[in-house]
*Asks:* 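Structure incoming, see below.
In what follows, every heavy atom counts, from backbone to side chain, and hydrogens, waters and symmetry copies are set aside. Indexing begins at 1, ligand by ligand and atom by atom, following the structure's order.
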Amino acid sequence: MSFITRGFSGRSHERDERLPPGQTLVHDFPVLSAGPTPEIDTAEWEFSITTETGGVHSWNWQQFMALPIDEVDTDIHCVTHWSKLGTSWRGISLDTLFENVETQYDYVMAHSYGGYTTNLALDDLLDGKAWIAFEFDGEPLDPEHGGPARLLVPHLYFWKSAKWVRGLVMMGEDEPGFWEQNGYHLHGDPWKEERYW
Ligand SMILES: Nc1nc2c(c(=O)[nH]1)N[C@H]1C(S)=C(S)[C@@H](COP(=O)(O)O)O[C@H]1N2
Ligand SMILES: [Mo]
């Protein structure tokens, strides 16, 4: 009896180390969208970063795909309590996109095609922590999961990973985005269970 108990607790302990508190593992890939899936042709797609001086850095699909591509293997955590371990993505690092961007501002509002917004601290986007992802599991990103391209900020709850992202606007102060105005936490660290406020 004690042998079996030890065996089980050992294995579940190993699994739990990658699972933040209050989260449950899933093996499928749930879709969570606040509205309909927008249809975005890569021929029309554009991504931009806008600074406090009104400076706009923008990339069309062709320019975007010519940037250095990262392979990202990471766990993702949704505030509705599911986590998915070891997901694999390809995308462009936010470090690359911010390379020539000059800003004194510390916060960012991410804007999506379709109108979704979410706020982030610039610190949570730089130093290898965030990407604009266009591939999941070796395939172009499904429209329902944010294709052609979405923000991927895996160290924060997944609502921060704006699907169909079209731009980032620098902000002097932290302001709530769509879910944050509806009670979700401004920051959203799954390890601190920053779910609601
Ligand atoms: N544009 C947009 N991005 C979004 C959402 C959304 O409704 N619209 N939902 C967020 C939420 S709450 C989650 S959990 C994840 C879900 O991503 P998935 O549908 O690929 O699992 O996307 C986030 N990004
Ligand atoms: Mo979510």
*Asks:* Looking only at heavy atoms, what is the nearest atom pair of V79 and Y184, with distance?
*Replies:* CG1-CE2, 3.5 Å
*Asks:* Output the list of atoms in ligand 1 that are nearer than 4.0 Å to some heavy atom of V31, sorted by atom number.
*Replies:*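 The list of qualifying atoms is 19 (O).
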*Asks:* Suppose we measure from atom 1 (N) of ligand 1 to each protein heavy atom; which comes out shortest, and what is that distance?
*Replies:* K163 O, 3.0 Å
*Asks:* Measure the distances from the heavy atoms of Y184 to every atom of ligand 1 and state whether one is below 4.0 angstrom.
*Replies:* no
*Asks:* Can you list the ligand 1 atoms lying under 4.0 Å from a non-hydrogen atom of S33?
*Replies:*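 Atoms satisfying the 4.0 Å criterion: 7 (O).
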*Asks:* To the nearest 0.1 Å, how far is atom 22 (O) of ligand 1 from its closest protein heavy atom, and which atom is that?
*Replies:* R150 NH2, 3.2 Å
*Asks:* When rounded to the nearest 0.5 angstrom, what is the spacing between CG in D28 and CH2 in W82?
*Replies:* 8.5 Å
*Asks:* Compute whether any side-chain donor of one residue and acceptor of the other, for E71 and S88, lie under 3.5 angstrom apart.
*Replies:*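 No, because no side-chain N or O of E71 sits under 3.5 Å from a partner of the opposite role on S88.
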*Asks:* Only heavy atoms of S112, strictly under 4.0 Å: list the atoms of ligand 1 that pass.
*Replies:* 1 (N)
*Asks:* How far does NE2 of H187 sit from CG of N119, to the nearest 0.5 angstrom?
*Replies:* 10.0 Å
*Asks:* Could you check whether any heavy atom of K160 sits closer than 4.0 Å to an atom of ligand 1, since that is the contact criterion I want to use?
*Replies:* no
*Asks:* W164 heavy atoms, cut-off 4.0 Å: which ligand 1 atoms fall inside?
*Replies:*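 The atoms of ligand 1 under 4.0 Å from a heavy atom of W164 are 1 (N), 2 (C), 8 (N).
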*Asks:* If you count every heavy atom of other residues, nucleotides or ligands that lies below 6.0 Å from E102 atom CD, does the total exceed 12?
*Replies:* no
*Asks:* Below 4.0 angstrom from a heavy atom of A162, which ligand 1 atoms are there? Numbered from 1 as shown, please.
*Replies:* 3 (N), 24 (N)
*Asks:* Is there a path of hydrophobic side-chain contacts, each under 4.5 Å between heavy atoms of I, L, V, M, F, W or Y residues, that connects M170 with Y107?
*Replies:*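 Per the 4.5 Å side-chain linkage, M170 and Y107 are not co-clustered.
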*Asks:* Based purely on interatomic distance, does S161 place a nitrogen or oxygen under 3.5 Å from a nitrogen or oxygen of ligand 1?
*Replies:*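 For ligand 1, there is an N or O atom that lies under 3.5 Å from one belonging to S161.
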*Asks:* Which atoms of ligand 1 sit under 4.0 Å from any heavy atom of W82?
*Replies:*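 Near W82, the atoms of ligand 1 are 21 (O).
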*Asks:* Measuring from D73:CG to L85:CG, what's the distance to the nearest 0.5 Å?
*Replies:*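 The CG atom of L85 is 12.0 Å from CG of D73, to the nearest 0.5 Å.
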*Asks:* Just to check, does G146 reach to within less than 4.0 Å of ligand 1 when the distance is taken from its heavy atoms?
*Replies:*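 Judged by the 4.0 Å heavy-atom criterion, G146 does not count as contacting ligand 1.
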*Asks:* How many angstroms lie between atom OG of S112 and atom CH2 of W164, to the nearest 0.5 angstrom?
*Replies:* 7.5 Å
*Asks:* Are F136 and F29, when compared by the centres of their aromatic rings, separated by less than 6.0 Å?
*Replies:* yes
*Asks:* For ligand 1 and P30, I'd like to know whether there is a polar contact (N/O to N/O, distance under 3.5 Å).
*Replies:*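 Yes, at least one N or O pair falls under 3.5 Å.
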*Asks:* Which of the atoms in ligand 1, numbered in the order shown and given with their element, are less than 4.0 Å from a heavy-atom of A34?
*Replies:*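 Every atom of ligand 1 under 4.0 Å from some heavy atom of A34: 6 (C), 7 (O).
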*Asks:* Supply the atom-to-atom distance S93 OG to I132 CD1, rounded to the nearest 0.5 angstrom.
*Replies:* 9.5 Å
*Asks:* Suppose we measure from atom 11 (C) of ligand 1 to each protein heavy atom; which comes out shortest, and what is that distance?
*Replies:*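 The closest heavy atom on the protein side is W159 CA, 3.5 Å.
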*Asks:* Rounded to the nearest 0.5 Å, what separates atom CD in E144 from atom NZ in K163?
*Replies:* 7.5 Å
*Asks:* For atom 14 (S) of ligand 1, what is the closest protein heavy atom, and at what distance to 0.1 Å?
*Replies:* C78 SG, 3.3 Å
*Asks:* Does an N or O from H145, backbone or side chain, lie closer than 3.5 Å to an N or O of ligand 1?
*Replies:* yes
*Asks:* Hey, which atoms in ligand 1 end up nearer than 4.0 Å to a heavy atom of W179?
*Replies:* 12 (S)
*Asks:* With only distance considered, is L32 within less than 3.5 Å of ligand 1 through an N or O on each side?
*Replies:*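 Between L32 and ligand 1, an N or O pair is found under 3.5 Å apart.
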*Asks:* Is V153 linked to Y105 within one hydrophobic cluster, defined over Ile, Leu, Val, Met, Phe, Trp and Tyr using a side-chain heavy-atom separation of less than 4.5 Å?
*Replies:* yes
*Asks:* Any ion pair linking E44 and R166 (charged N to carboxylate O, less than 4.0 Å)?
*Replies:* no
*Asks:* Among F29, Y116, Y157, Y113, which residue places a heavy atom closest to atom 2 (C) of ligand 1?
*Replies:*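 Considering heavy atoms of F29, Y116, Y157, Y113, the nearest to atom 2 (C) of ligand 1 sits in Y116.
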*Asks:* Can you report which non-hydrogen protein atom sits closest to atom 23 (C) of ligand 1, along with the distance?
*Replies:* F158 O, 3.4 Å
